[in-house]
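Input: a single structure, listed below in structure tokens.
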There are 2 protein chains.
Amino acid sequence: MKELLYLKDDQLKDLIEKIFVGYRETFSDSKKILDKYSIGLAHQKVIHLLSMYEGISISKLLAKLKVTKQSLNRVLKDLIKLEIIVFKKDEIDTRIKHVFLNEKGKKIFEEIFLLQKKRIYNALLDSSSEEVINFDKVLKKIING
Amino acid sequence: MKELLYLKDDQLKDLIEKIFVGYRETFSDSKKILDKYSIGLAHQKVIHLLSMYEGISISKLLAKLKVTKQSLNRVLKDLIKLEIIVFKKDEIDTRIKHVFLNEKGKKIFEEIFLLQKKRIYNALLDSSSEEVINFDKVLKKIING
DNA sequence: ATTATAGGTAAGTTATATTGACATATTATA
DNA sequence: TATAATATGTCAATATAACTTACCTATAAT
């Protein structure tokens, strides 16, 4: 029988608070740049995913974001107005729309990311590779729980 | 000179996505219970902090949540209507108000927490103590970055 | 006496998301 | 070929959580 300190409620509460704060801080560092382009957190997340998954389809974006179509479309319309995304129909199944950041979009992403990544970069730089690997490992388990 | 894989942009992007998903999942498991009491994520966070820091002052709550007084007060008023929090003036400095969950509040917290903690508990149970310690270590560094 | 701190409130606004209903185009299948 | 399923879009109404700006009281510290 396991009887570990970190499985006790107090430690679990503490971790949950840290997960919240870690998220909030990670996604607030870039606020100034977002303001510069009059966009918000929702736009940042979409841009982030577009930079990771070039040409991702709408339905896959929806699945990753776990928001409704209506919610995503509001954001996409803003990004179209900003002229930073483009669409390409799938050549085989023309129902599917692939979304891409254009050059301007990639530049704006880099501006955002430059600020956002600092916090993570410094934390990892200050950690051993084993610590980093274990951080990733546990985070994955939390996600797939 | 460090030249580590996990300090590369692609890995940082990946981690940032995971931090987002980990937060979202961690705070969505308890949605059914929140609905039962007609409260939301903001209330859950306040209740969580009240269970961790019994008698915390308003200003310290504000500092932990990083929201405005108006925002917090909306939530506190809902919790008063639900009859789950009580206030006590500080005996020395009567400007300070200490906030507590009452018995009903503690019970509701336990209902919420029971659902919320499962994901974290299982992830930790499935990890070695070193992995857990390193997860906590890196998360702390991200927060304090 | 003055200033700072702790907390409260009012009005209006913004950001992000929801539900429900309906529409179109395309592809897959019986 | 008729029908069902999929991918996407849109309208309208609503909810949640936050914001800004401004002003207020009470108490404590200097």
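Chain letters run A, B, ... following the sequence lines, proteins first, then strands; residues in each count from 1.
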Does atom NZ of Lys88(A) have more than 12 heavy-atom neighbours, drawn from other residues, nucleotides or ligands, at distances under 6.0 Å?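 For Lys88(A), atom NZ is not crowded (no more than 12 foreign heavy atoms under 6.0 Å).
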Give a yes or no on this: more than 12 heavy atoms of other residues, nucleotides or ligands lie within 6.0 Å of atom CD of Glu110(B).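 Yes, the 6.0 Å shell around CD holds more than 12 heavy atoms from other groups.
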Rounded to the nearest Å, what distance is computed from the [atom1] atom of residue [X] to the [atom2] atom of nucleotide [N]?
{"X": "Leu72(A)", "N": "dA7(D)", "atom1": "CG", "atom2": "P", "answer": "15 Å"}
{"X": "Leu79(B)", "N": "dA17(D)", "atom1": "CG", "atom2": "C1'", "answer": "14 Å"}
{"X": "Tyr23(A)", "N": "dA17(D)", "atom1": "OH", "atom2": "P", "answer": "14 Å"}
{"X": "Lys60(B)", "N": "dT5(C)", "atom1": "NZ", "atom2": "P", "answer": "15 Å"}
{"X": "Arg24(B)", "N": "dA17(C)", "atom1": "CZ", "atom2": "P", "answer": "10 Å"}
{"X": "Asp78(A)", "N": "dT16(C)", "atom1": "CG", "atom2": "C1'", "answer": "11 Å"}
{"X": "Leu61(A)", "N": "dA7(D)", "atom1": "CG", "atom2": "P", "answer": "14 Å"}
{"X": "Asn73(A)", "N": "dA15(C)", "atom1": "CG", "atom2": "P", "answer": "18 Å"}

Identify whether Tyr53(A) and Ile85(A) are in the same connected component of the hydrophobic contact network (ILVMFWY, side-chain heavy atoms under 4.5 Å).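 Linked within one cluster.
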Reading nucleotides 24-30 of chain C 5' to 3', which nucleotides get B (base under 4.0 Å from a protein heavy atom), which S (sugar-phosphate only), which -? --BS---
Pairs satisfying ring pair (Phe, Tyr, Trp, His ring centres under 6.0 Å), at least one member in residues 61-82 of chain B, at least two apart: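 Checked against ring pair (Phe, Tyr, Trp, His ring centres under 6.0 Å) - neighbours excluded - no pair reaches residues 61-82 of chain B.
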How is Lys77(B) classified with respect to the nucleic acid when contacts are heavy atoms under 4.0 Å: base, sugar-phosphate, or nothing? sugar-phosphate
For His98(B), answer base if it contacts any base atom (sugar-phosphate contacts may also be present), sugar-phosphate if it contacts only those atoms, and nothing otherwise; contact means non-hydrogen atoms under 4.0 Å.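 Nothing, no nucleic acid heavy atom in range.
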Quick check on [N]: is either OP1 or OP2 less than 4.0 Å from any side-chain nitrogen or oxygen of [X]?
{"X": "Ser59(A)", "N": "dT8(D)", "value": "yes"}
{"X": "His43(A)", "N": "dA15(C)", "value": "no"}
{"X": "Arg74(A)", "N": "dT16(C)", "value": "yes"}

Measuring from atom [atom1] of [X] to atom [atom2] of [Y], what distance do you get when rounded to the nearest 0.5 angstrom?
{"X": "Leu61(B)", "Y": "His98(B)", "atom1": "CG", "atom2": "NE2", "answer": "12.0 Å"}
{"X": "His43(B)", "Y": "Ile108(B)", "atom1": "NE2", "atom2": "CD1", "answer": "11.5 Å"}
{"X": "Arg119(B)", "Y": "Thr26(B)", "atom1": "CZ", "atom2": "OG1", "answer": "6.0 Å"}

Should the ring pair Phe109(B) and His48(B) be called parallel, tilted or perpendicular, given that the plane angle runs from 0 to 90° and is split at 30 and 60?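 Because their plane-to-plane angle is over 60°, the rings of Phe109(B) and His48(B) count as perpendicular.
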Does the cation-pi check pass for Arg24(A) over Phe20(A), that is, NZ or CZ under 6.0 Å from the six-membered ring centre and within 45° of its axis? yes
dG7(C), dT8(D), dA15(C): which one has an atom nearest the side-chain heavy atoms of Ile58(B)? dG7(C)
Report each atom pair, protein N/O against N/O of nucleotides 18-20 of chain C, whose distance is under 3.5 angstrom.
unit_1, atom_1, unit_2, atom_2, d
dT18(C), OP2, Thr68(A), N, 2.8
dT18(C), OP2, Thr68(A), OG1, 3.0
dT19(C), O4, Gln70(A), NE2, 3.2
dG20(C), O6, Gln70(A), NE2, 2.3

